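Down below is the structure, laid out as structure tokens.
First the proteins, then the strands, lettered A, B, ... as listed; each starts at 1. As the structure is a computational prediction, the values presented were derived from the model and not from experiment.
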Number of protein chains: 2
Amino acid sequence: MTVTLADVAARARVSPATVSRVLNGNYPVAASTRERVLRAVDDLDYVLNGPASSLAAATSDLVGILVNDIADPFFGIMAGAAQTQIGGPGDGSGRAGGEKLAVICNTGGSPERELTYLTLLQRQRAAAVVLTGGAIEDPDHQAAMAAKLAKLADAGTRIVFCGRPPLPEGDALVAALAFDNRGGGRRLTEHLISLGHRRIGYVAGPPERTTTRHRLEGHREALRDAGLDGEGGDGERLTVHGPYDRRSGYEATLDILRREPGITAVVAANDTVALGACAAVRDQGLRIPQDISVAGFDDLPFSVDAVPALTTVRLPLFEAGARAGRLAMGKENPPPGGIATIAAELMIRGSTAPPRVG
Amino acid sequence: MTVTLADVAARARVSPATVSRVLNGNYPVAASTRERVLRAVDDLDYVLNGPASSLAAATSDLVGILVNDIADPFFGIMAGAAQTQIGGPGDGSGRAGGEKLAVICNTGGSPERELTYLTLLQRQRAAAVVLTGGAIEDPDHQAAMAAKLAKLADAGTRIVFCGRPPLPEGDALVAALAFDNRGGGRRLTEHLISLGHRRIGYVAGPPERTTTRHRLEGHREALRDAGLDGEGGDGERLTVHGPYDRRSGYEATLDILRREPGITAVVAANDTVALGACAAVRDQGLRIPQDISVAGFDDLPFSVDAVPALTTVRLPLFEAGARAGRLAMGKENPPPGGIATIAAELMIRGSTAPPRVG
DNA sequence: CTGTTAGCGCGTTCAC
DNA sequence: GTGAACGCGCTAACAG
């Protein structure tokens, strides 16, 4: 029924071992026999049996890319970029040679699913795993992750973090690409302060994520440095946490406006949240940026098309994803110390302006 | 070094077969021995060897989800939804029982990569494959795809189309969930015509995709029915093709405005393109919708936040993706005839209005 | 309900 | 440069 390596060998009048050598291209084979074998492969429409080959070789060609929410372009862009470096362009024949199979796994932000996917990848003896986006800071989960990753690394799986800080235990088993979320958050709020804003609302992400914490810390640092967030300062009072989605931005902004109608700016944890914040501001009959400035984070493609265009912090998502892909393939050397911090660039656009006087 | 099933068997003082039965949960096993085995599994931190198990069972737990562009939420939403039905919620232990490994493969819209991924999935003996989004209409490629899919189906891989019309050959091997792109496109343009628009620009997608063709056909039907697109009518003249991205929307709209400054509306192939169109309209000093109405397609999450909110055609992407996932798992019966058409709903919002008189 | 016996299809030593 | 033989770790009959 299904054609095996032995069938190909028979047709090419060589031994199975020779066919294997041709297919894997690692051993010297005479050009003429190679020709014969390849012809037999094509004639028979032979496709390697992945499981069998993985079993014998004790490694597979699977590379897993874990994301929190694939419906969010933040992750889509990184994951897509990583795949471009891993999948290989194909040889145009659709025949598939030594390519890796780069696959994206959507955890939905759930710690359990994150671990489950890691186990599934471990089960498949994945060649590499790329973990993207913020990590969850629950100590139990972090310990479980560290243990699981150690086991994976131990089994020869390469581990790469992308847009994620390295584990506290900081095993040298991984290469980490971390975004400068703190610095970006800080510069963004500094920008607002320099514009003259003094009461600034902050719509943060879920409290247990590193991304949320770092961006918020940057914000608070900027406030503190400007003397706007001392004891009982506004920093805490004007901060509301919620998921990284539009609805959260909308509701949190209404909430903040209710608490403190005097704010002149709202900073959102990311661009999607910022869109919701914009909608809330408008629904209150306020104008952006004349009455209230709004800012986001990430600089997703749609942000420049918001009206007015969104002031935000640009993260080089595609470049980071691609680099993570190369690291996973071993095509690029890990950064010194295993960790590289990726700069975040402030993008000043129309959604922020000086506050109205009076 | 790595612990195997036999190690677990030894520790639990049972035969390897029994361990296998417990793990796969398909055979009756006494509760007490099951307990013992599970304890041994936990003690030893045992993880099943996927390749070995796939080899022996001649099937794997891999399910592939092919998308054209994972950075586009259109695909992200469908793929994420499909994964929710496939991956299983995990048992909370991170231990991974009989779950499938749902993986997303990003073809980048390239026919070669599409075939390559299919081959890779075939090599892994995937349990199912879900193909999302519009198909490429090149006859050679379609034939190659049909052949490849037939082979996959033949090997026991379940095939599901999601948001994609069934193959011309229409083998009964697949279940297809097709969007009513033609009907949606038609109703959208009918809406504009009923508002009073007579000169309508159309920014289409890449010409070789089914999605592009069907949406455009709906548009042209509406024009024809209104007597606006006879011989040498505007339909053709005011249509420009381009990729499904923002930039294409921007440039094509400028192009159309140059050709025919008298248009009063622009219909875009999808929401992302529509955003670009909006930007172009504004950059020409025109207002939306007073001077020019703009409409999109898909109703992606950001569309309601455009200013003014985008009139578009809503596709139930999440529901369709989830259903495709269930079909791939065999959790749901295929629709009668193997194909179901999914309705598209017109969403009238602020970006369309009657044209200015005079 | 449980143990025993064979392979699944391929990579990899070894010889030649 | 090529062939022969073995075993990777597991599942699927078949007994009992």
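Residue pairs meeting the salt bridge (Lys or Arg N to Asp or Glu O under 4.0 Å) criterion with at least one partner in residues 330-340 of chain A, sequence neighbours excluded, are A:Arg323-A:Glu332, A:Arg326-A:Glu332. For residues 7-22 of chain B, the side-chain hydrogen bond (donor to acceptor under 3.5 Å, both in side chains) pairs, not counting sequence neighbours, are B:Arg11-B:Asp43, B:Ser15-B:Thr18, B:Ser20-B:Asn24. Note on residues 22-41 of chain A: no pairs pass salt bridge (Lys or Arg N to Asp or Glu O under 4.0 Å), not counting sequence neighbours.
In terms of the salt bridge (charged side-chain N to carboxylate O under 4.0 Å, His left out) criterion, residue partners of B:Asp45 (sequence neighbours excluded) are, by chain and number, A:Lys151. For A:Gln122, the side chain to side chain donor-acceptor pair (under 3.5 Å) partners are A:Lys148, not counting sequence neighbours.
Rounded to whole Å, the distance from CZ on A:Arg123 to C1' on D:dG9 is 14 Å.
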| note | Heavy-atom contacts, protein to nucleotides 9-16 of chain C, under 4.0 Å, summarised as B (base), S (sugar-phosphate only) or - (none) per nt, yield BBSBB---

